[in-house]
Amino acid sequence: MIKAATARARSNIALVKYWGKAEGTLNVPAVGSISITLDALWSDTEVVFDPALETDALVLDGERRPDGLVRVSACLDILRELAGVGTRAAVVSSNNFPTGAGLASSASGFAALVGAAARALGLQLEPRQLSIIARRGSGSAARSIFGGFVEMHAGAAPDGLDSYAEPLLAGKEWPLDIVVAVTSTGEKAVASGSGMRRSARSSPYHAAWLKTHQADMALCRQAIRTRDFEALAQVAEASCLKMHAAAMAAVPALIYFNGVTVECIGRIRQLRKSGVAVLFTVDAGPQIKAVCAPDARAAVRDALADMPGVVQIIETGLGPGVETRACPS
Ligand code: DP6
């Protein structure tokens with residue numbers, strides 16, 4: 001029998017970054033992280049388990065992507081084992097934003113994959129379990145299972161079962177907006193997984209990154225609990241710059257910023273100094289994500305749209321967790 005379902009999951013951005021992996025093959029992060037889920041950037045994924053298929057298949061944004069199958073099948077295998085079936089699946093996924101450009105398409109993609117596949121197989125899994133399975137595809141995907149403010153726990157168990165995300169605060173409890181300034185759509189950066197491995201192996205600052213991370217997590221949790229934007233800005237920007245400093249000192253160097261990224265960072269710092277509630281963060285690509293109070297959004301958008309070299313602006317609020325739908329059989 002053919003079993004199918006669809007899911008929509010949103011992308012997320014980390015305020016305290018995940019950078020570094022624990023030993024082993026379970027894709028357990030070396031550190032926890034805290035993120036916000038973005039409403040307007042999503043992956044829509046359909047998973048069809050079909051007894052006629054001999055292998056899993058993946059179509060991403062209209063193209064066959066056999067290169068992406070290792071991680072996809074790893075997630076599907078876990079779900080197949082839980083459901084006691086061996087049926088292969090056809091996965092068709094699309095993003096409504098640029099794929100692989102540092103906008104966390106793997107986060108939304110794997111969260112949607114796991115949500116849709118579990119639904120298609122009729123598995124009644126807790127969100128926490130979905131998060132553990134999504135982590136196997138991509139560490140940041142564990143966070144996209146949930147909406148609003150989310151904490152990922154690194155965990156310590158050898159089976160990885162305590163390495164999951166959970167909600168910290170609903171988005172409506174502290175509505176924030178995000179203005180993404182896209183500074184390059186083409187350039188392919190070093191993927192975050194390889195970047196963090198290189199950083200751990202060769203950056204003299206990796207140890208300092210690990211050592212100071214717990215304190216950032218505590219400051220960020222506290223800033224969220226007390227809705228203290230200035231405190232959030234301090235810790236989020238520090239975590240972002242620390243991650244990039246460690247990455248830049250790797251051999252060979254990992255420089256994810258371009259000139260426009262740096263100019264935008266300067267502009268955002270200037271805006272905050274002048275009283276606008278806005279902070280910046282940057283992931284494994286040159287895009288700038290400005291997180292701001294809703295009443296600052298127009299000013300932030302106008303300022304970033306004005307920066308030479310910004311090619312696209314995406315605006316969003318905070319979004320929900322993964323949503324799934326069964327397909328009629
Ligand atoms: C810089 O989740 O993409 O965006 O687990 O190898 O798939 P893998 O890595 P991934 O790493 C995200 C790194 C980051 C920071 C973050 O989102 O926390």
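The first residue of the sequence shown is numbered 1, and numbering continues consecutively from there. As the structure is a computational prediction, the values presented were derived from the model and not from experiment. Just so you know, ligand 1 is whichever comes first in the structure, and atom 1 is the first atom listed for that ligand. Below, all heavy atoms of this structure are taken into account, side chains as well, without hydrogens, waters or symmetry copies.
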Answer yes or no: is there a donor N or O on one side and an acceptor on the other, between the side chain of [X] and the main chain of [Y], under 3.5 Å?
{"X": "E315", "Y": "V180", "answer": "no"}
{"X": "E173", "Y": "A170", "answer": "no"}
{"X": "T261", "Y": "P286", "answer": "yes"}

Closest non-hydrogen protein atom to atom 7 (O) of ligand 1, residue and atom name please, with distance? S138 OG, 2.7 Å

Heavy-atom contacts under 4.0 Å between [X] and ligand 1: side chain, backbone, both, or neither?
{"X": "I13", "result": "neither"}
{"X": "H244", "result": "neither"}
{"X": "S140", "result": "both"}
{"X": "R135", "result": "neither"}
{"X": "S106", "result": "side chain"}

Looking only at side-chain N and O atoms, does [Y] offer a donor or acceptor that is under 3.5 Å from a partner on [X]?
{"X": "S43", "Y": "N95", "answer": "yes"}
{"X": "S11", "Y": "S108", "answer": "no"}
{"X": "D39", "Y": "T316", "answer": "no"}

Strictly below 4.0 Å, N to O, side chains only: are [X] and [Y] in salt-bridge contact?
{"X": "R80", "Y": "D56", "result": "yes"}
{"X": "E323", "Y": "R119", "result": "no"}
{"X": "K242", "Y": "D216", "result": "yes"}

Sub-4.0 Å atoms of ligand 1 with respect to non-hydrogen atoms of [X]:
{"X": "G193", "value": "6 (O)"}
{"X": "N27", "value": "5 (O)"}
{"X": "M196", "value": "9 (O), 11 (O), 13 (C)"}
{"X": "K21", "value": "5 (O), 6 (O), 8 (P)"}
{"X": "D283", "value": "1 (C), 4 (O), 14 (C), 15 (C)"}
{"X": "A14", "value": "16 (C), 17 (O), 18 (O)"}

Using a 3.5 Å cut-off on N or O atoms only, is Y18 in polar contact with ligand 1? yes

May I ask you to check if ligand 1 and G139 share an N or O to N or O distance below 3.5 Å? yes

Result for side chain to side chain contact (heavy atoms under 4.5 Å, CB included) between K289 and one of D283, L279, V282, V179 points to D283

Any idea which of R71, M243, R143 brings a heavy atom closest to atom 16 (C) of ligand 1?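 Looking at heavy atoms only, the winner is R143.
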
Kindly identify the option in S192, S105, G137, S239 whose heavy atom sits closest to atom 10 (P) of ligand 1.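 The residue whose heavy atom sits nearest atom 10 (P) of ligand 1 is S192.
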
